[in-house]
Amino acid sequence: IILNKIFFLETANSEDSPALEDIKKDVSRTFPEHFFFQEGEGQGQKNLEQVLKAISLVYDELGYCQGMNFVCAMLLMYCNDEVSARLDAI
């Protein structure tokens, strides 16, 4: 499980996803009224983009599906400190 986490986090910062254009569009539309996601280049949007990109690459048979952004955003709001620390460490 730990190796999977490391692979997932490294993937978030590495290659580009074929769905990156769609991910970027949806990230900017995700909870725009919430303070964590208000800034265009803020930490919230950056973390959300990285997580969605990693999911689309790690689970390539699934890819990115519209609506994942809201599920991931909710998780980021509740575990942001841990996710941010791990994404920044790579």
Side-chain angles (χ1 to χ4, degrees):
I1 294 175
I2 291 173
L3 291 177
N4 288 340
K5 287 182 183 178
I6 292 169
F7 174 73
F8 186 84
L9 293 170
E10 287 175 347
T11 302
N13 286 324
S14 64
E15 56 191 285
D16 284 336
S17 167
L20 192 57
E21 187 176 318
D22 292 331
I23 290 170
K24 286 180 180 271
K25 285 181 200 173
D26 286 346
V27 164
S28 66
R29 300 174 187 159
T30 306
F31 299 120
E33 301 297 318
H34 192 280
F35 72 93
F36 188 60
F37 299 106
Q38 284 180 338
E39 290 183 45
E41 296 296 320
Q43 194 64 40
Q45 286 194 14
K46 178 183 170 190
N47 288 353
L48 181 57
E49 182 180 316
Q50 288 177 308
V51 169
L52 292 170
K53 184 171 76 169
I55 289 171
S56 73
L57 291 167
V58 171
Y59 301 100
D60 59 339
E61 67 282 353
L62 176 65
Y64 173 71
C65 300
Q66 205 169 23
M68 283 180 174
N69 53 319
F70 290 103
V71 174
C72 291
M74 289 296 292
L75 294 171
L76 282 173
M77 283 189 256
Y78 289 101
C79 60
N80 178 52
D81 293 338
E82 180 181 344
V83 172
S84 289
R86 290 177 187 226
L87 289 173
D88 289 341
I90 295 177

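The model shown is predicted, which means the values in this text are computed figures rather than measured ones.
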Q.
Using the ring-ring contact (aromatic ring centres under 6.0 Å, His included) criterion, which residues pair with Tyr64? Sequence neighbours excluded.
A.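 ring-ring contact (aromatic ring centres under 6.0 Å, His included) list for Tyr64, sorted by chain: empty.
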
Q.
How close do Gln38 and Glu33 get, counting heavy atoms only, and between which atoms?
A.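 The pair with the smallest heavy-atom distance is NE2-O, 3.1 Å.
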
Q: Please report the shortest heavy-atom distance between Leu20 and Lys53, naming the atom on each side.
A: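 Answer, listing the atom of Leu20 first, then Lys53: CD1-CD, 4.0 Å.
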
Q.
Please enumerate all residues that pass salt bridge (charged side-chain N to carboxylate O under 4.0 Å, His left out) together with Glu39, with sequence neighbours excluded.
A.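 In terms of salt bridge (charged side-chain N to carboxylate O under 4.0 Å, His left out), with neighbours along the sequence ignored, Glu39 is linked to no residue.
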
Q.
I'd like to check the salt bridge (charged side-chain N to carboxylate O under 4.0 Å, His left out) partners of Asp26; sequence neighbours left out, ordered by chain and number.
A.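 Asp26: salt bridge (charged side-chain N to carboxylate O under 4.0 Å, His left out) contacts with Arg29.
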
Q) With sequence neighbours left out, what residues match Lys24 under side-chain hydrogen bond (donor to acceptor under 3.5 Å, both in side chains)? A)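 side-chain hydrogen bond (donor to acceptor under 3.5 Å, both in side chains) check on Lys24 returns Glu49.
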
(Q) Going by side chain to side chain contact (heavy atoms under 4.5 Å, CB included), Leu48 matches just one of Ile23, Leu75, Leu76. Which one? (A)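 By the side chain to side chain contact (heavy atoms under 4.5 Å, CB included) criterion, Leu48 pairs with just one of Ile23, Leu75, Leu76: Leu76.
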
Q: Check the angle between the aromatic planes of Phe37 and Phe31 and answer parallel, tilted or perpendicular using the 30° and 60° thresholds.
A: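 Tilted.
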
Atom pair [atom1] ([X]) and [atom2] ([Y]), whose distance is rounded to the nearest 0.5 Å:
X: Leu57; Y: Leu62; atom1: CG; atom2: CG; value: 11.5 Å
X: Asp60; Y: Ile55; atom1: CG; atom2: CD1; value: 13.0 Å
X: Met68; Y: Asp22; atom1: CE; atom2: CG; value: 12.0 Å
X: Glu61; Y: Ser56; atom1: CD; atom2: OG; value: 11.0 Å

